[in-house]
Amino acid sequence: MQHSPSERIVLAKEKILALKKYAQEHKAKATIQIINSFLPFLGLWALMYISLDYSYWITLGLGVVNAFFLVRIFIIQHDCGHQSFLRNRKAQKIIGYICSYFSAIPFNYWSKSHNVHHKHNGQLEMRDIGDVTTMTVEEFKQMSRWGRLKYRIYRSPIVMFLIGPVYYLFIHNRIAFIKLPMFQKAKKWLVLNNFVMLAIFVFFGFLLGWEKFLLVHLTILVLFSIIAIWFFYVQHQHEYTYKQWMKNWDYVTSALKGSTYYKVPRLFNWLTGNIGIHHVHHLNPFIPNYNLKKCIEENPWLNKYTTTINFRQSLTLITNKLWDEAEQRMISFREFYRKEKMQAIRVRS
């Protein structure tokens, strides 16, 4: 259901408070999720290692499946960063750090960055932290040809969904690019995480053989990074998303309108830890992933303001490149140049 681009979503206080009951830990569900995420991952990892003696194509096929189990492990890490997976904070930290050595995404530093994303999602001033860089039409219009070319390359499918995810995982998450004071302590944990990751790679490289270990683990990590970036892109780069300057920004509207409900088949919803129910997650990040489905089933009103898309529809989002402030929607480069040309014709006439 689409609303006026400038319309602010106002919810009754009782509705928001009613969601608190879903932000409760369920130790049995949490324990089961840990078991049915890590055990299949480790089992498939072993099969991938053995399959290298026969054909890398078998290894690659198993890697695709295992990458989704790594997504599931990462969602546990993600929830621990939100302090929603369990009530015990010490247990959450331990679980979060363990998950991070599987996902290769640093727990402490990334969680802090991700929480900034949640607090400022859709704020045009905060596009450089935990978000896909998105230029506005006016900003793109003022750029030089070289600047436009760089942005077009960055937003191309090959860079956005193949090169970008690999860069994000292996470089962006290894270096403390964020200079805000609140990240000073997190930088120390990032350095420690890098040393531990290096030690793990060296240990298993010598134990299992460098070639086999890297062929297996890097295959999983690369595929995992592509899946993760794709989901994040789909969750926030839809046509009628929500982007405002701080003075006009609203948290509830940002959560429900700035995030999609990505309705994927049940199996993929399970493998990705219900993260497709993203609008609810942004409205209340303290709801653990294992409670999101129940929350949306019992509160269908949550979908009233949100863009709901399936996988086929999500493929069309690849063309969304620029934020048009005048129309309050994402547009393609083709649409931008068509409008620019029409405007130039009007000016000359």
Side-chain angles (χ1 to χ4, degrees), residues 30-31 33-81 85-86 89-114 163 165-177 185-229 271 273:
T31 302
Q33 185 171 7
I34 290 172
I35 293 171
N36 63 25
S37 299
F38 280 92
L39 288 185
F41 177 84
L42 294 172
L44 284 167
W45 204 104
L47 285 176
M48 289 176 69
Y49 183 81
I50 295 170
S51 71
L52 284 172
D53 293 332
Y54 301 94
S55 170
Y56 177 71
W57 293 109
I58 299 175
T59 309
L60 182 61
L62 292 170
V64 172
V65 179
N66 216 10
F68 277 100
F69 276 102
L70 186 52
V71 171
R72 190 166 165 80
I73 289 171
F74 174 67
I75 294 302
I76 296 174
Q77 173 185 337
H78 163 271
D79 279 12
C80 288
F85 193 67
L86 291 170
R89 291 198 174 187
K90 186 175 182 180
Q92 284 195 126
K93 281 188 176 181
I94 293 172
I95 295 169
Y97 278 113
I98 291 173
C99 290
S100 72
Y101 296 123
F102 283 79
S103 70
I105 294 179
F107 175 65
N108 187 280
Y109 185 83
W110 184 88
S111 296
K112 189 170 285 291
S113 169
H114 186 64
I163 299 173
V166 175
Y167 166 82
Y168 178 77
L169 191 66
F170 295 105
I171 298 177
H172 187 84
N173 277 300
R174 307 272 75 82
I175 303 171
F177 287 109
K185 188 176 180 181
K187 289 179 182 179
K188 298 177 182 178
W189 285 104
L190 179 60
V191 173
L192 178 61
N193 177 273
N194 288 340
F195 275 114
V196 174
M197 283 296 302
L198 180 62
I200 290 173
F201 269 65
V202 170
F203 175 78
F204 283 105
F206 281 111
L207 179 68
L208 303 174
W210 280 100
E211 184 179 0
K212 281 192 170 183
F213 171 68
L214 292 178
L215 277 173
V216 171
H217 205 56
L218 292 184
T219 294
I220 298 170
L221 288 177
V222 168
L223 291 170
F224 157 70
S225 68
I226 292 171
I227 296 168
I229 291 298
L271 285 170

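Q77 and S100 are not linked by any side-chain donor-acceptor pair at a separation below 3.5 angstrom, with hydrogens and angles left out of the test.
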For L169 and L221, what are the C-alpha separation, side-chain angles and deciding distance, and is it a side chain to side chain contact (heavy atoms under 4.5 Å, CB included)? CA-CA 8 Å; L169 191 66; L221 288 177; 3.8 Å; yes

Under the criterion side chain to side chain contact (heavy atoms under 4.5 Å, CB included), I'd like the reasoning laid out for K112 against K185: C-alpha separation, chi angles, the key distance, then a yes or no. CA-CA 10 Å; K112 189 170 285 291; K185 188 176 180 181; over 6 Å; no

Pair I220-F69, side chain to side chain contact (heavy atoms under 4.5 Å, CB included): steps then yes or no: CA-CA 10 Å; I220 298 170; F69 276 102; over 6 Å; no

From CA spacing to verdict: side chain to side chain contact (heavy atoms under 4.5 Å, CB included), L70, N66: CA-CA 6 Å; L70 186 52; N66 216 10; over 6 Å; no

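Side-chain atoms of P106 and R174, non-hydrogen and from C-beta on, do get closer than 4.5 Å to each other. Side-chain contact between W210 and V202 is present, with at least one heavy-atom pair separated by less than 4.5 Å. Residues V196 and Y97 fail the side-chain proximity criterion, which asks for heavy atoms closer than 4.5 Å. Residues V65 and L62 form no side-chain contact, since every pair of their non-hydrogen atoms from C-beta on lies 4.5 Å or further apart. The side-chain heavy atoms of W57 and L60, taken from C-beta on, include a pair separated by under 4.5 Å. Counting heavy atoms from C-beta on, the side chains of L47 and I58 never come closer than 4.5 Å. When side chains are defined from C-beta on, Y109 does not count as touching N193, because their heavy atoms never get closer than 4.5 Å.
Residues that satisfy the side chain to side chain contact (heavy atoms under 4.5 Å, CB included) test with L215, not counting sequence neighbours, are L52, Y56, E211. Scanning for salt bridge (charged side-chain N to carboxylate O under 4.0 Å, His left out) contacts around K212 gives D53, with sequence neighbours left out.
Rounded to the nearest 0.5 Å, atoms CE (M197) and CG (N173) are 10.5 Å apart. Atom CE in M48 sits 8.5 Å away from atom CZ in F41 (nearest 0.5 Å). Rounded to the nearest 0.5 angstrom, L271 CG and I227 CD1 are separated by 9.0 Å. Going from atom CD1 of I75 over to atom SG of C80 covers 11.0 Å, rounded to the nearest 0.5 Å. To the nearest 0.5 Å, atoms CD1 (I95) and CZ (F107) are separated by 9.5 Å. Taking CZ of F224 as the reference point, atom NE2 of H217 lies at 10.0 Å (rounded to 0.5 Å).
In this structure, F213 has its ring center under 6.0 Å from that of F201. Taking the six-membered ring for Trp, F38 and W45 have ring centres at least 6.0 Å apart.
Pairing each heavy atom of A176 with each of L190, the nearest pair is N-CD2, 3.5 Å. What you find for F85 and A30 is that their closest heavy atoms are CZ-O, 3.5 Å. Pairing each heavy atom of G81 with each of S111, the nearest pair is CA-OG, 3.5 Å.
In this structure, the side chain of S37 does not engage the main chain of I34 through any donor-acceptor pair within 3.5 Å.
Between H114 and W110, the ring-plane angle classifies as parallel under the 30° and 60° cut-offs.
Other residues, nucleotides and ligands contribute only 12 or fewer heavy atoms inside 6.0 Å of the NZ atom of K93.
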